[in-house]
Protein chains: 2
Amino acid sequence: MKLTDKARKIEQGILDRLREKGYKLTLQRREIISILAQDSSHPRAADILLKARKRAPRISVSTVYYTLAMLKKEDLIREIEFYDMDNRYDINVSNHLNLICEKCGRIEDYVNELPLSSLDIEQRSNFQPFRFRLECYGVCSKCRKSKK
Amino acid sequence: MKLTDKARKIEQGILDRLREKGYKLTLQRREIISILAQDSSHPRAADILLKARKRAPRISVSTVYYTLAMLKKEDLIREIEFYDMDNRYDINVSNHLNLICEKCGRIEDYVNELPLSSLDIEQRSNFQPFRFRLECYGVCSKCRKSKK
DNA sequence: TTGTGTGCAAAGCATTTGCAATACT
DNA sequence: AGTATTGCAAATGCTTTGCACACAA
């Protein structure tokens, strides 16, 4: 399956879901969703705004945030929150480890099995787990190559 | 070993380390370190400030942040950064999972073995890992009890 | 038609920073 | 004595919010 096909499928899934829920599918929303579906780089709100303006020139910051908040609420995207850099948005809503490069800010998904079980946590700690935030900070392969 | 003994030991270790490194051990710093050593609740900067003022009444916000930054730089504490709530500070600098209650903000350490290996990550992803941020959001036992 | 969605501008707020005064070694 | 540290006040900047208008259903 080509990347564009995969993206198209994700996009379609999100649009269908929003329609079901009764959300209005405005040009701005379609555009933001299309961008997210095609972008696996965990983009910033500002990245999305910039790209969206190519086809929706007057789209505003608040619309981007409003839409992202809505998508997050519907569990269609995941927000990765930082306090010293811009938040990032991820279409991969499954529990996974993010590898975050401290040099360039790149975020990649770590694709291997995660041996962390909600069940174990609940049984051992009496804490009721909802969702994980799993990150590893370091240096990505690109930054390792380019000088030290 | 009693809690206070453990705290005293941690405190002493930090003080020794700072002395070695040539840091000045001011009243303010001693106070902040003492507070951190005794507090396993992952306190906020504001919590620390408030407690510190009992014995160092004129201590300021910037001193607290300055000291915390220094301790973090020396790997003596760990900062847990949030964008929608105050950052928290942890004397437990080992890699561990934090259980974060979404109701009351309590943060507890999950004490069991973490099956995440830096080595695996490096070998499988070509990413050079430095440190982890591992969190599980949910509801703590106290909040589960009190009503639903 | 009608209420949700949008755009603009202003606010929010923990943390950071500049600078002069202080005090530890 | 000299320099790191402190305290005060102001700045920072992404994200959020208030409000009036626009538009999808």
Side-chain angles (χ1 to χ4, degrees), chain A residues 14-35 42-74 76-89 105 107, chain B residues 14-33 35 42-50 52-74 76-89 105 107:
Chain A
I14 294 178
L15 292 174
D16 291 346
R17 180 67 178 281
L18 293 183
R19 236 187 306 264
E20 284 171 30
K21 290 269 191 167
Y23 287 101
K24 290 180 183 169
L25 299 180
T26 62
L27 168 67
Q28 294 89 334
R29 287 191 173 165
R30 289 172 179 280
E31 194 50 31
I32 291 171
I33 292 163
S34 164
I35 290 166
H42 311 74
R44 289 159 263 262
D47 298 329
I48 296 166
L49 178 66
L50 226 65
K51 284 190 182 178
R53 287 206 161 136
K54 288 178 185 167
R55 294 216 272 157
R58 283 178 36 83
I59 191 175
S60 75
V61 191
S62 29
T63 300
V64 171
Y65 280 111
Y66 189 84
T67 301
L68 290 171
M70 180 270 286
L71 292 170
K72 178 187 175 187
K73 189 181 150 207
E74 294 301 331
L76 296 169
I77 62 169
R78 185 183 267 238
E79 185 178 30
I80 315 173
E81 300 169 341
F82 299 99
Y83 105 106
D84 57 354
M85 59 189 213
D86 297 10
N87 292 352
R88 306 284 281 264
Y89 300 89
I107 301 181
Chain B
I14 294 179
L15 292 174
D16 291 346
R17 181 67 178 279
L18 293 183
R19 236 187 308 264
E20 284 172 28
K21 290 269 191 168
Y23 287 101
K24 291 179 182 168
L25 298 181
T26 62
L27 168 67
Q28 294 89 333
R29 285 193 175 163
R30 288 173 180 281
E31 195 49 33
I32 291 170
I33 291 162
I35 290 165
H42 309 75
R44 288 159 262 263
D47 299 330
I48 296 166
L49 178 67
L50 226 66
R53 286 209 162 133
K54 288 177 185 168
R55 293 215 274 158
R58 285 179 34 83
I59 190 174
S60 75
V61 191
S62 28
T63 299
V64 172
Y65 280 113
Y66 189 85
T67 301
L68 290 171
M70 180 269 285
L71 292 171
K72 178 187 174 187
K73 189 183 150 204
E74 295 301 332
L76 295 168
I77 62 168
R78 186 183 265 240
E79 185 178 30
I80 316 173
E81 302 170 340
F82 300 98
Y83 103 106
D84 56 355
M85 60 190 214
D86 297 9
N87 292 352
R88 307 286 280 264
Y89 300 88
I107 301 182

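Residue numbering restarts at 1 for every chain, and letters A, B, ... go by the order of the sequence lines. Below, each value reflects all heavy atoms present in this structure, side chains not excepted, and no hydrogens, waters or symmetry copies.
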Using every non-hydrogen atom in the two residues, find where [X] and [Y] come nearest and quote the distance to one decimal.
{"X": "B/K24", "Y": "B/R29", "result": "O-NH1, 3.0 Å"}
{"X": "B/V64", "Y": "B/I32", "result": "CA-CD1, 3.9 Å"}
{"X": "B/Y65", "Y": "B/Y89", "result": "CE2-OH, 4.0 Å"}
{"X": "B/A52", "Y": "B/I35", "result": "N-CD1, 3.4 Å"}
{"X": "A/L25", "Y": "A/R30", "result": "O-NE, 3.4 Å"}

**Prompt:** Would you say a side-chain N or O of A/R29 is under 4.0 Å from OP1 or OP2 of C/dG5?
**Reply:**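 Checking C/dG5 against A/R29, a side-chain N or O does come within under 4.0 Å of OP1 or OP2.
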
**Prompt:** Measuring from A/H42:NE2 to A/R78:CZ, what's the distance to the nearest 0.5 Å?
**Reply:** 10.0 Å

**CD1 on A/I14 to CD1 on A/I77, rounded to 0.5 Å** = 8.0 Å

**Angle of first-five versus last-five pair axes in the helix from C/dT1-D/dA25 to C/dT25-D/dA1, to 10 degrees** =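 Comparing the axis at each end, I get an angle of 40°.
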
**Fill in**
The contact string for nucleotides 7-22 of chain D, one letter per nucleotide 5' to 3', using protein heavy atoms under 4.0 Å with B, S and - for base, sugar-phosphate only and none, comes out as BB-----SSBB-----

**Gap between atoms CD1 and P, on B/I32 and D/dT5 respectively (whole Å)** = 12 Å

**Whole-Å gap separating P (C/dA14) and CG (B/D84)** = 12 Å

**Message:** Between B/I33 and B/L76, is there a side-chain heavy-atom distance shorter than 4.5 Å?
**Reply:** no

**Asked** Has the side chain of A/T67 got a donor or acceptor atom that lies under 3.5 Å from a matching backbone atom of A/T63?
**Response** yes

Which pairs, protein N/O on one side and nucleotides 23-25 of chain D N/O on the other, fall under 3.5 Å?
unit_1: D/dA25; atom_1: OP1; unit_2: A/L25; atom_2: N; d: 3.3

**Prompt:** Quick one: which of B/N87, B/L49, B/D86 gives a side-chain contact (heavy atoms from CB on, under 4.5 Å) with B/R44?
**Reply:** B/D86

